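Worth saying up front: this structure is predicted, and the values here are computed from it rather than measured.
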Amino acid sequence: AFYWPHEQAQAMTVDRANKIVMVTCNTQPGSADAVFILDLVTGRLVGSAYNTQTGGFNQAFYANLAADFQVRENAEYAIVPGNVALPQRGGPPPATGGLYVAELNSGVVIMYGFPFITSPAIQPPLPLQKIAAFPFRQVQ
């Protein structure tokens with residue numbers, strides 16, 4: 001076991017209150033998770049990444065799920081984190097984790113990714129990136 005490389009165990013979590021859902025998501029190995037809050041009333045998804053170098057949150061992320069799913073009223077969301085391992089395509093490196101969001105009325109799942117910058121400088125808020133989607137009610 002001494003020579004065997006070890007991997008740090010990390011748990012992604014989801015918790016739900018009356019009108020919000022809180023989710024943690026992997027960023028990069030050796031870095032703290034990002035935390036996201038989904039407001040079930042407005043359809044806004046916001047998050048932030050903690051920087052262990054500065055001891056504070058220095059990156060913010062956002063998405064308007066109501067607009068992404070094209071729903072106006074009675075939206076019903078479900079959200080879970082997952083490992084996505086997206087390839088880097090220029091710009092800042094992507095986080096190793098992502099978010100899967102489903103909306104009941106539209107019948108669609110959208111996978112979101114986000115960049116993770118290890119710099120201690122405060123970063124401007126960035127939109128979550130829609131990576132892929134599929135209709136879950138039409139799959140046979």
Side-chain angles (χ1 to χ4, degrees):
F2 179 74
Y3 295 105
W4 194 266
H6 70 282
E7 292 186 25
Q8 182 179 2
Q10 295 183 347
M12 294 180 284
T13 56
V14 177
D15 193 16
R16 184 180 200 112
N18 190 23
K19 296 185 181 184
I20 65 167
V21 181
M22 180 182 239
V23 178
T24 62
C25 189
N26 291 336
T27 55
Q28 293 288 335
S31 296
D33 287 352
V35 62
F36 292 90
I37 306 292
L38 169 54
D39 182 333
L40 297 170
V41 176
T42 65
R44 291 277 301 163
L45 177 61
V46 296
S48 191
Y50 180 79
N51 187 304
T52 55
Q53 296 174 16
T54 63
F57 289 92
N58 73 328
Q59 296 179 66
F61 309 100
Y62 62 91
N64 182 341
L65 299 183
D68 289 350
F69 287 98
Q70 299 177 352
V71 293
R72 294 196 184 272
E73 296 179 6
N74 302 320
E76 293 187 47
Y77 301 104
I79 182 171
V80 294
N83 293 319
V84 297
L86 298 171
Q88 185 167 356
R89 296 184 180 134
T96 59
L99 299 167
Y100 297 91
V101 181
E103 198 287 313
L104 182 64
N105 297 310
S106 66
V108 174
V109 171
I110 297 176
M111 181 176 95
Y112 291 91
F114 59 98
F116 181 71
I117 302 167
T118 57
S119 166
I122 294 177
Q123 304 297 315
L126 296 171
L128 287 166
Q129 301 163 350
K130 290 190 285 187
I131 305 299
F134 73 91
F136 63 84
R137 288 195 173 138
Q138 297 174 6
V139 176
Q140 304 264 343

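For the side-chain hydrogen bond (donor to acceptor under 3.5 Å, both in side chains) test, residues two or more places apart in sequence or in another chain that qualify with E103 are N105, S106.
V71 and Y77 make their closest contact through CG2-OH, 3.7 Å (heavy atoms, listed as atom of the first residue, atom of the second, distance). Taking every heavy atom of both residues into account, F114 and G97 meet most closely at CE2-O, 3.7 Å. When every heavy atom of S119 is checked against every heavy atom of N51, the shortest pair comes out as O-ND2, 3.0 Å. Closest of all the heavy-atom pairs between A63 and L128 is CB-CD1, 3.8 Å. Contact detail for P93 and Q28: the closest heavy-atom pair is CB-NE2, 4.4 Å. Smallest separation of non-hydrogen atoms from I117 and P92: CG1-CB, 3.6 Å.
Side-chain contact check for L45 versus F36: some heavy-atom pair is nearer than 4.5 Å.
I37 belongs to a hydrophobic cluster whose remaining members, ordered by chain and number, are I20, M22, V35, V46, Y50, F57, Y62; membership requires side-chain heavy atoms of ILVMFWY residues under 4.5 Å apart, directly or through intermediates.
Taken from OG1 in T54 to CD1 in I122, the straight-line distance is 8.0 Å, to the nearest 0.5 Å. Distance OH/Y112 to CD/Q129: 11.5 Å, rounded to 0.5 Å. Here CE of M111 is found 10.0 Å from CG of L99. Values are rounded to the nearest 0.5 Å.
Hydrophobic clustering of Ile, Leu, Val, Met, Phe, Trp and Tyr side chains at less than 4.5 Å, counting indirect connections, unites L65 with L126. The hydrophobic cluster containing F61 does not contain F116, counting ILVMFWY residues as joined when their side-chain heavy atoms lie under 4.5 angstrom apart, directly or transitively. Each of L104 and L40 belongs to its own hydrophobic cluster when Ile, Leu, Val, Met, Phe, Trp and Tyr are linked at side-chain heavy-atom distances under 4.5 angstrom.
With N58 contributing its side chain and A121 its backbone, the two residues share a donor-acceptor pair below 3.5 Å. Under the 3.5 Å distance criterion, the side-chain polar atoms of N26 are left unmatched by any main-chain donor or acceptor of D33. Not one N or O on the side chain of T27 forms a donor-acceptor pair closer than 3.5 Å with the backbone of A34.
Ion pairing between a basic and an acidic side chain is recognised when a charged N comes within 4.0 Å of a carboxylate O; K19 and D39 show no such pairing.
For the pairing with Y100, the side-chain contact (heavy atoms from CB on, under 4.5 Å) check across I131, V84, I79, I110 returns one residue only, V84.
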